[in-house]
Structure formats: structure tokens, C-alpha cells
Amino acid sequence: MNLSEKRRVDEDWITALLCLEFFGICMNHKYLRKNEKNVFCIDCNAQICRHCCDTEAHFLHRRLQICKYVYQDVLRLLDIQHYFDCSEIQTYKINGEQAIHLNSRPQAKDARPSTKSKNAGSCVTCKRYIQDRPNRFCSISCKISASPEKHKFCFSPEINQSALKKEHYNQEQNLEEKKSCTSSLTDVSEDSDVLLGNFSLRPLVRILKRKGVSRRSPLN
């Protein structure tokens with residue numbers, strides 16, 4: 001793959017991420033609980049559910065979990081920063097974690113640029129108020145819209161692929177340990193059942209204490 005093709009691939013996945021609608025029902029797992037499509041597969045450019053992540057088709061793929069914040073789709077900064085340059089994008093604290101918006105939040109048609117921008121800042125693209133002055137964008141889409149060269153914000157996936165393989169190996173090791181632990185517990189329970197069974201088959205021996213020697217009453 002040459003440099004131009006790589007750039008096109010990088011542009012494809014980030015464009016698909018911003019255009020797709022999430023939290024719909026996964027038809028492949030419609031009879032299972034928690035089957036909403038809240039995961040984005042970078043390698044497939046598709047939204048999937050948590051059950052799809054365990055299948056062979058997506059197990060080793062790069063994935064991003066989509067969350068909801070005030071009815072808007074957001075990403076954890078810890079996840080997206082490995083694949084996308086998130087500098088100068090406003091972050092929000094959600095459940096103790098830093099997150100960023102996928103798309104700019106909708107505004108009223110007659111909305112004006114925020115007056116608070118005099119003391120803080122405003123988004124370069126949508127003019128929405130930004131809390132932290134060094135930041136220039138309120139979402140990923142606003143940052144991409146400000147620059148036509150989308151590929152320069154995306155990072156190489158090689159390191160992340162090796163990390164996913166290592167995680168897959170650790171999961172298999174944990175599964176084997178759980179299986180061995182379960183089998184050992186089963187063996188112990190079976191042995192204890194045999195011991196209890198043997199003990200129950202033994203006849204109970206009643207030990208009678210011998211009374212003292214009987215004595216006759218003296219004759220008158």
C-alpha cells in the first residue's frame with residue numbers, strides 16, 4: 001500500500017465514524033440483551049454491538065466504544081487518542097473520564113456567537129463556546145472541517161494491532177486458568193463426595209457401657 005492509498009484509508013474510517021448513526025439494534029443478535037450498536041470497527045468501517053466484538057470477524061480489529069452524553073455521541077479520549085490527533089479539541093469529564101464529541105452539538109437557527117468567548121474561547125468552525133482557551137474546536141468533525149487534509153490527524157495502526165494481539169493472548173490465558181481452576185474444584189468436590197459416601201456406608205457400631213457387677217441384697 002503506497003502513501004496515497006494509506007491516506008485514503010485513513011480518511012475513510014474517520015469519515016464513516018462521523019456519518020454513522022449508533023445505538024440501533026443489531027439484527028445479528030436481536031434476541032440477546034444489550035444488543036445496541038455502540039461500537040465502531042475501524043477496520044470494517046461499520047457499527048457493531050458488544051456481541052459482535054467476540055466473533056471471529058471483529059475479535060482482532062481496532063474498535064472504539066461510543067458513549068452518550070446529553071443525547072450526543074462521544075468517545076473516550078483514552079481510546080481515540082491512539083488513532084486520531086485530538087489536540088486542540090475541547091474535552092469533557094464524563095463519569096470520571098475525559099471524553100470528546102464526535103460532531104458539533106446542534107444550535108438554534110437564531111443562535112449568535114457566545115459572548116463568553118471574550119473571556120474564554122470559541123470553536124473555529126461552529127463558534128460554540130469552549131471552556132479552555134488553548135482549545136480551538138468543540139468536536140472531531142469541527143477539527144476536520146477546518147482542514148482539508150484529513151489524513152494528517154490519523155495515526156498508524158501497527159502498534160495498536162500488536163496491542164490487540166497481546167490482549168487476545170492474555171484473554172486466552174485467563175480463560176485457560178479459569179478452566180483449570182474449575183476442573184480442580186470439581187475433582188475436589190468429587191473426592192469429598194466419595195469420602196462421604198464411604199463413610200455413610202459404614203455400619204454404626206453402638207458401644208454399650210458395661211454396668212457394674214450386680215450384688216445381691218444380704219439375707220436376714
Side-chain angles (χ1 to χ4, degrees), residues 1-24 37-48 58 61-95 97-164:
M1 181 183 295
N2 55 33
L3 183 60
S4 60
E5 291 178 349
K6 182 181 183 302
R7 288 179 176 178
R8 182 180 56 81
V9 171
D10 289 341
E11 292 181 11
D12 288 343
W13 80 262
I14 193 64
T15 303
L17 174 64
L18 299 177
C19 296
L20 290 174
E21 295 183 1
F22 296 92
F23 294 95
K37 294 182 179 181
N38 60 347
V39 178
F40 177 75
C41 180
I42 297 177
D43 298 301
C44 298
N45 289 346
Q47 69 273 51
I48 58 178
H58 303 282
H61 287 183
R62 298 170 295 164
R63 303 186 299 267
L64 297 171
Q65 184 176 359
I66 313 299
C67 306
K68 280 288 187 182
Y69 176 68
V70 194
Y71 304 103
Q72 300 298 318
D73 295 337
V74 297
L75 286 168
R76 284 193 293 262
L77 181 62
L78 186 62
D79 297 337
I80 186 63
Q81 67 183 0
H82 298 296
Y83 310 104
F84 186 82
D85 181 12
C86 301
S87 61
E88 298 184 332
I89 300 179
Q90 178 64 51
T91 59
Y92 300 88
K93 197 169 185 179
I94 305 173
N95 296 331
E97 295 188 58
Q98 297 293 329
I100 59 176
H101 282 273
L102 283 178
N103 298 286
S104 59
R105 289 172 292 172
Q107 302 185 67
K109 294 181 180 180
D110 57 348
R112 298 178 180 179
S114 176
T115 57
K116 299 179 182 179
S117 59
K118 296 179 181 179
N119 299 326
S122 60
C123 179
V124 174
T125 305
C126 66
K127 307 303 180 183
R128 178 175 286 277
Y129 167 70
I130 295 179
Q131 297 175 358
D132 302 323
R133 186 76 177 185
N135 296 323
R136 302 174 58 238
F137 309 99
C138 67
S139 63
I140 295 177
S141 62
C142 287
K143 182 171 183 177
I144 291 178
S145 300
S147 176
E149 299 179 0
K150 301 177 184 179
H151 63 271
K152 70 179 182 180
F153 302 128
C154 302
F155 300 142
S156 174
E158 296 178 357
I159 299 177
N160 300 285
Q161 286 285 6
S162 61
L164 283 174

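Values below: all heavy atoms of this structure, side chains included; hydrogens, waters and symmetry mates excluded. Everything numeric in this text was worked out from a predicted model, so none of it was measured.
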### Query
Taking it one step at a time, do Val74 and Ile66 satisfy side-chain contact (heavy atoms from CB on, under 4.5 Å)?
CA-CA 6 Å; Val74 297; Ile66 313 299; over 6 Å; no

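Here CZ of Arg63 is found 6.5 Å from CD1 of Ile48. Values are rounded to the nearest 0.5 Å. Atom CD1 of residue Ile144 and atom CG of residue Leu18 lie 5.0 Å apart, to the nearest 0.5 angstrom. Leu102 contributes atom CG, which lies 14.5 Å from atom OH of Tyr69 (distance to the nearest 0.5 angstrom). Atom CZ of Phe40 sits about 5.0 Å away from atom CG of Asn45, to the nearest 0.5 Å. Put simply, CD1 on Ile42 and CG on Leu17 are 8.0 Å apart, with the number rounded to the nearest 0.5 Å.
Looking only at distances, no side-chain donor or acceptor of Asp79 sits under 3.5 Å from a matching main-chain atom of Leu64. Checked by atom type and distance alone, the side chain of Arg128 pairs as donor or acceptor with a backbone atom of Arg105 at under 3.5 Å. Ser122 contributes no side-chain N or O that, together with a main-chain N or O of Lys127, makes up a donor-acceptor pair within less than 3.5 Å. Of the possible donor and acceptor atoms, one in the side chain of Gln47 sits under 3.5 Å from a partner among the backbone N and O of Glu21.
Considering all non-hydrogen atoms of both residues, Phe84 and Lys143 come closest at CE2-CD, 4.5 Å. Smallest separation of non-hydrogen atoms from Ile89 and Asp85: CD1-O, 4.4 Å. Here the closest non-hydrogen pair linking Arg62 and Tyr83 is CD-CE2, 3.5 Å. Contact record, Cys138 with His101: O-CB, 3.8 Å, taken as the closest heavy-atom pair. The minimum heavy-atom distance linking Ile80 with Ile100 is given by the pair CG2-CD1, 3.8 Å. When all heavy atoms of Phe23 and Asp73 are compared, the closest pair comes out as CE1-OD1, 3.6 Å.
Partners of Glu97 by side chain to side chain contact (heavy atoms under 4.5 Å, CB included), not counting sequence neighbours, listed by chain and number: Arg76. Not counting sequence neighbours, the partners of Gln90 by the side chain to side chain contact (heavy atoms under 4.5 Å, CB included) test are Tyr92, Ile130, Gln131, Asp132, Asn135.
When side chains are defined from C-beta on, Cys67 does not count as touching Ile94, because their heavy atoms never get closer than 4.5 Å.
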